[in-house]
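Note on naming: letters A, B, ... go to the chains in the order of the sequence lines (proteins, then strands), and numbering restarts at 1 for each one.
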Protein chains: 2
Amino acid sequence: MNTVFKALADPTRRKVLQLLRQGPRSAGALAEHFAVSKPTMSAHFSVLREADLVDSVKQGTTVIYSLKLSVLEESLLGFAQLFGLQGGDTPARAADPTPDEEQIR
Amino acid sequence: MNTVFKALADPTRRKVLQLLRQGPRSAGALAEHFAVSKPTMSAHFSVLREADLVDSVKQGTTVIYSLKLSVLEESLLGFAQLFGLQGGDTPARAADPTPDEEQIR
DNA sequence: ACCATATTTCGATGATTAGCTAAATTTCAA
DNA sequence: TTGAAATTTAGCTAATCATCGAAATATGGT
């Protein structure tokens with residue numbers, strides 16, 4: 001749980017997770033999206049693996065990373081629920097105790 | 001957003017937020033729960049303030065901190081929704097591989 | 001004015017972190 | 001078996017971070 005939040009503390013790693021949302025990607029394919037060196041990306045992957053937020057399988061010379069959504073969900077929502085927070089269904093929603101919506105994006 | 005996740009990366013700060021869930025508390029009262037010095041706690045409060053996760057008002061010689069739940073909610077659930085995650089009613093929830101038209105209750 | 005209390009600022013220190021280049025490793029193909 | 005490609009490991013540096021004790025800054029009471 002602590003490792004998850006530590007992993008999420010870095011914007012590069014958060015963006016990697018978001019890229020992975022669309023499906024498994026190789027280390028190299030992921031690295032293309034960032035302006036840092038491969039070794040640096042490799043270290044980021046390692047942190048994500050350590051936090052159990054991604055799976056990695058080797059296919060030939062490449063390594064395919066995939067998002068472990070359930071782990072992200074349990075950590076993120078688990079923590080949110082400690083505060084009584086409930087996620088809403090994605091785009092629109094109505095009738096709430098707190099009428100202060102600001103849904104963007 | 002980045003400052004929020006950075007703030008959440010530390011267990012002490014996460015626990016401070018949880019203590020604050022039960023209501024506003026003074027810096028000293030919060031500090032009592034931890035085995036670190038006052039200056040260290042003060043630095044943690046500063047990070048939480050920086051992330052806009054808490055409010056602080058001075059009352060006499062003491063400073064009262066209170067949780068800004070809406071900020072925590074927007075960050076945490078906002079990020080969760082980037083992944084199609086929905087906050088569920090606490091423990092059990094079933095059969096939902098793809099989050100489509102889910103009902104609100 | 002003086003003192004006690006609560007909190008923060010200052011200055012320092014050790015640990016962790018993100019970044020790099022260069023080198024090692026692994027795998028596959030020619 | 002030699003070589004190219006993908007990724008990781010090693011070794012380093014600079015920056016950030018959590019922590020401390022001591023000092024500074026309110027504030028309120030006596």
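Mapping Gln59(A) and Pro39(A) onto DNA chain C via the closest heavy atom, the residue that lands nearer the 5' end is Pro39(A).
Taken together through direct or relayed side-chain contacts under 4.5 Å among Ile, Leu, Val, Met, Phe, Trp and Tyr, Leu19(A) and Ile64(A) form parts of separate hydrophobic clusters.
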Polar-atom pairs under 3.5 Å, protein N or O versus N or O of nucleotides 1-7 of chain C: list them with distances, or write none.
from	atom 1	to	atom 2	distance (Å)
dA6(C)	O4'	Thr61(B)	OG1	2.8
dT7(C)	OP1	Ala27(B)	N	3.2
dT7(C)	OP1	Gly28(B)	N	3.4
dT7(C)	OP1	Val63(B)	N	3.4
dT7(C)	OP2	Gly28(B)	N	2.7

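Judged by distance alone, with hydrogens and angles left aside, the side-chain atoms of Arg13(B) form a donor-acceptor pair with the main-chain N or O of Ala7(B) at under 3.5 Å. Arg21(B) contributes a side-chain N or O that, together with a main-chain N or O of Leu82(A), makes up a donor-acceptor pair within less than 3.5 Å. With hydrogens and angles disregarded, a donor-acceptor distance shorter than 3.5 Å links the side chain of Ser75(A) to the backbone of Val71(A). In this structure, the side chain of Arg14(A) engages the main chain of Leu8(A) through a donor-acceptor pair within 3.5 Å.
Listed pair Thr40(B) / dA18(D) fails the phosphate criterion, with no side-chain N or O lying under 4.0 Å from OP1 or OP2. Proximity of Lys58(A) to the phosphate of dT7(D): no side-chain N or O atom is located under 4.0 Å from OP1 or OP2. The side chain of Arg49(A) places an N or O atom within less than 4.0 Å of a non-bridging phosphate oxygen (OP1 or OP2) of dT8(D). Using a 4.0 Å cut-off, no side-chain N or O of His44(A) falls inside it from OP1 or OP2 of dT17(C).
One atom, CG of Asn2(A), and another, C1' of dA18(D), lie 13 Å apart when rounded to the nearest Å. The distance between atom CE of Met41(B) and atom P of dG21(D), rounded to the nearest whole Å, is 15 Å. Taking atom CG of residue Asp10(A) and atom P of nucleotide dT16(C), one finds them 18 Å apart after rounding to whole Å. Separating the CG atom of Leu48(B) from the P atom of dA18(D) is a distance of 11 Å, rounded to the nearest angstrom.
In summary, the aromatic rings of Phe79(A) and Phe5(A) are positioned with their centroids under 6.0 Å apart.
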